[in-house]
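Data block below; observations after.
Residue numbers start from 1 in every chain, and the chains themselves are labelled A, B, ... in the order their sequence lines are given, proteins ahead of strands.
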Amino acid sequence: MNIFKFYIDKIIDILKTANKEGLIYLPENLNSINVDIPPPKFNCDISTNVAMVLSKPNNKSPIEIAETLSSLIKENDKYIEKITIEKPGFINLKLNKDFWNFLLHEIINDKEYGSQKTKNQKTYLVEFVSANPTGPLHVGHSRGAILGDVISNLLKFNNQKVTKEYYVNDYGNQILHFTKSVFLRAREILYKEKFPIDNPDLYPGDYLKQIAKNIIDQNSDLKFNNFDEISKNLTNLSVKESIKLIKINLNNLGIVHDNFATESEIVQNNEVENVIKKLQNDKFVYTGKINAPEGEDKSNWIEREQLLFKSTDFGDDKDRSLQKYDKSWTYFASDVAYHYNKLNRKYDMLINILGADHAGYIKRITSAVEALSGEKNKLTCKVSQLVKLIKDGKPFKMSKRKGDYITVEDLINEVGKDATRFIMLNRSNDAELDFDFSKVKEKSKDNPLYYVQYCYARISSVFRNIKQNINDDIIISNYDFKYSNEEIIILKKITEWPKCIEIATEKLEPHRIPVYLYELSSEFHSYWNMGKNDPSKRFIEKNNKIKDDKIVFLKIISNVIKSGMNILGVETPEKM
RNA sequence: GCGCCCUUAGCUCAGUUGGAUAGAGCAACGGUUUUCUAAACCGUGGGUCGGAGGUUCGAAUCCUCCAGGGCGCGCCA
């Protein structure tokens with residue numbers, strides 16, 4: 001039940017009839033007609049811009065059209081108490097009590113209220129995190145991880161089919177350096193050799209000692225004499241250890257992937273060769289030269305003939321290299337193969353969540369997917385911007401070099417899963433985020449998580465006091481209530497929930513959900529406090545009973561909060 | 001040099017399929033608890049929506065240009 005759609009459909013029906021009767025001329029495209037909630041001062045529930053949109057094509061003033069339409073609307077809708085026209089031509093509707101009773105009756109026990117019920121269910125592959133398997137996740141990874149998880153939840157809430165995937169980059173130079181670091185840490189343990197801490201290629205973090213120790217303990221036959229001899233085996237073991245750590249981190253954040261795809265498998269199965277052959281056949285690959293980037297030190301630049309992907313055909317600023325100097329594949333080449341692999345698994349839509357530092361990569365990979373699929377918007381990439389850590393009022397800089405960074409484990413231990421998720425989701429993913437440790441820990445209004453949870457807890461306390469289970473369906477025989485103006489303000493907010501979900505889904509912007517939940521909670525807290533002076537606004541009466549209208553009211557609000565918090569992956573405790 | 005993101009109140013930020021007087025929180029000041037959870041509420045002040053053009057009935061929102069900040073750009077992943 002989306003009242004905006006409900007009224008747009010209604011208005012368009014009326015327009016079509018009026019058009020047939022020759023009362024009004026209709027342009028082809030009616031998309032700019034919309035229905036909204038008007039500002040509070042008009043004391044109305046719904047407004048539409050239809051008269052202004054039709055003004056020009058009809059060569060009449062908006063007010064004139066509004067007058068014609070408003071009488072038609074009024075005749076055709078039994079839910080209208082009052083209809084007014086406001087300059088410059090808005091039509092404002094005030095809905096009667098039958099409407100609110102109808103609405104509440106529709107949604108009271110609908111656990112999926114707000115869900116976008118589309119006819120065709122689509123399959124999505126959401127790839128996120130995909131951090132290099134060279135150690136545990138740090139705070140920077142967690143924002144994208146949470147974003148991807150909640151986008152998946154959001155799609156699922158709308159009854160779409162979602163696979164959550166992690167792409168393990170277990171191939172290439174960084175992994176080689178990582179394995180070498182494990183090797184040297186192992187020798188440090190076994191032979192007391194000093195780890196070359198100053199070698200900038202190696203990974204200095206302490207966690208490598210533990211990884212090395214685990215590998216030694218579990219593989220007594222492995223000899224740490226010659227790196228080249230055990231390199232392949234040790235890579236596998238080291239990556240496995242890393243993935244183990246990463247999975248623990250993800251679990252602590254409340255995230256479980258459905259699938260882990262590995263780069264090494266893509267390479268071993270010759271998928272890179274295959275995809276490049278396909279692109280060659282389609283004339284998207286050629287041998288040529290590319291220029292060094294402007295404004296940087298070009299002294300090390302070696303110009304050479306190389307295998308290039310024609311991403312400029314799709315709007316990229318240069319073509320992209322597929323092969324390294326030694327003829328091995330670039331990261332991009334295997335990623336193209338990986339995306340071809342995704343395409344062959346026949347998903348309707350692909351979504352990638354990337355960190356800000358990989359944003360420059362989007363153009364070339366969407367180009368590749370377009371070249372391979374022939375579809376323009378098959379792949380959507382969302383970027384999670386930087387997280388600026390603030391500790392003790394000062395920015396906290398992480399340095400991978402020194403192994404000096406805040407891990408997900410530190411984060412969860414210090415602020416907890418729910419607060420982390422809520423705060424990280426409370427901002428647009430396109431904007432940088434200040435993450436202030438002391439504030440996130442604070443149990444007050446400063447922390448929007450507790451504010452929303454407290455709203456749910458307050459509602460729960462009413463249910464507890466009247467000895468009802470908040471999760472049970474509400475059975476009401478007769479929907480005939482008259483809500484006060486203060487209550488209708490909140491009911492109006494409730495009607496916005498489907499719209500919030502719609503926009504959040506369409507734009508893949510889950511931050512709209514915590515923002516909405518905060519606003520709804522704010523209105524509820526405000527109402528709650530009115531009960532102090534005005535007994536009619538209290539929920540429980542002197543005889544410890546509750547009226548039907550009140551319990552319906554509470555149930556609706558708690559349903560919305562609960563389903564919103566579920567999408568966010570955050571708890572709704574009944575007591576705080 | 002190029003690409004992406006950001007610029008809205010003192011601070012941190014919401015606000016886009018273009019809508020009516022641009023909203024929250026924090027900070028400041030003053031109030032609210034014999035009554036369902038005060039982790040709450042109420043009130044007061046605070047704005048050239050970075051700048052300049054354009055598009056139109058109407059622009060924080062769309063287009064162009066400019067400025068400032070961030071991230072990134074090599075056969076690293």
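- Where F539(A) and Y171(A) each meet RNA chain B at their nearest nucleotide, the meeting point lying more 5' is that of F539(A).
- Using C1' as the reference atom, G50(B) and C6(B) are 11 Å apart when rounded to the nearest Å.
- A distance below 6.0 Å separates the ring centres of Y338(A) and Y167(A).
- For E86(A), taking side-chain heavy atoms from C-beta onward, the closest of the listed nucleotides C75(B), A20(B), A24(B) is A20(B).
- Side-chain proximity of E263(A) to A77(B), U35(B), A40(B): nearest is A77(B).
- Applying the 4.0 Å criterion to OP1 and OP2 of C73(B), one finds that R320(A) has every side-chain N and O outside that range.
- Residue order along RNA chain B, read from the 5' end via each residue's closest nucleotide, puts G531(A) first among R304(A) and G531(A).
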Worked verdict on I351(A) versus E127(A) for side-chain contact (heavy atoms from CB on, under 4.5 Å): CA-CA 6 Å; I351(A) 296 175; E127(A) 184 212 327; over 6 Å; no

With the criterion being N/O to N/O and under 3.5 Å, what pairs connect the protein with nucleotides 60-70 of chain B, and how long is each?
from   : atom 1 : to      : atom 2 : distance (Å)
G70(B) : O2'    : E432(A) : OE2    : 2.5

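- Not a single donor-acceptor pair, N or O on each side, falls under 3.5 Å between the base of A77(B) and the side chain of D170(A).
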Base versus backbone protein contacts along nucleotides 14-19 of chain B [heavy-atom cut-off under 4.0 Å; B, S, -]: SSB--B

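- Between Y450(A) and F422(A), the distance separating the two ring centers is not shorter than 6.0 angstrom.
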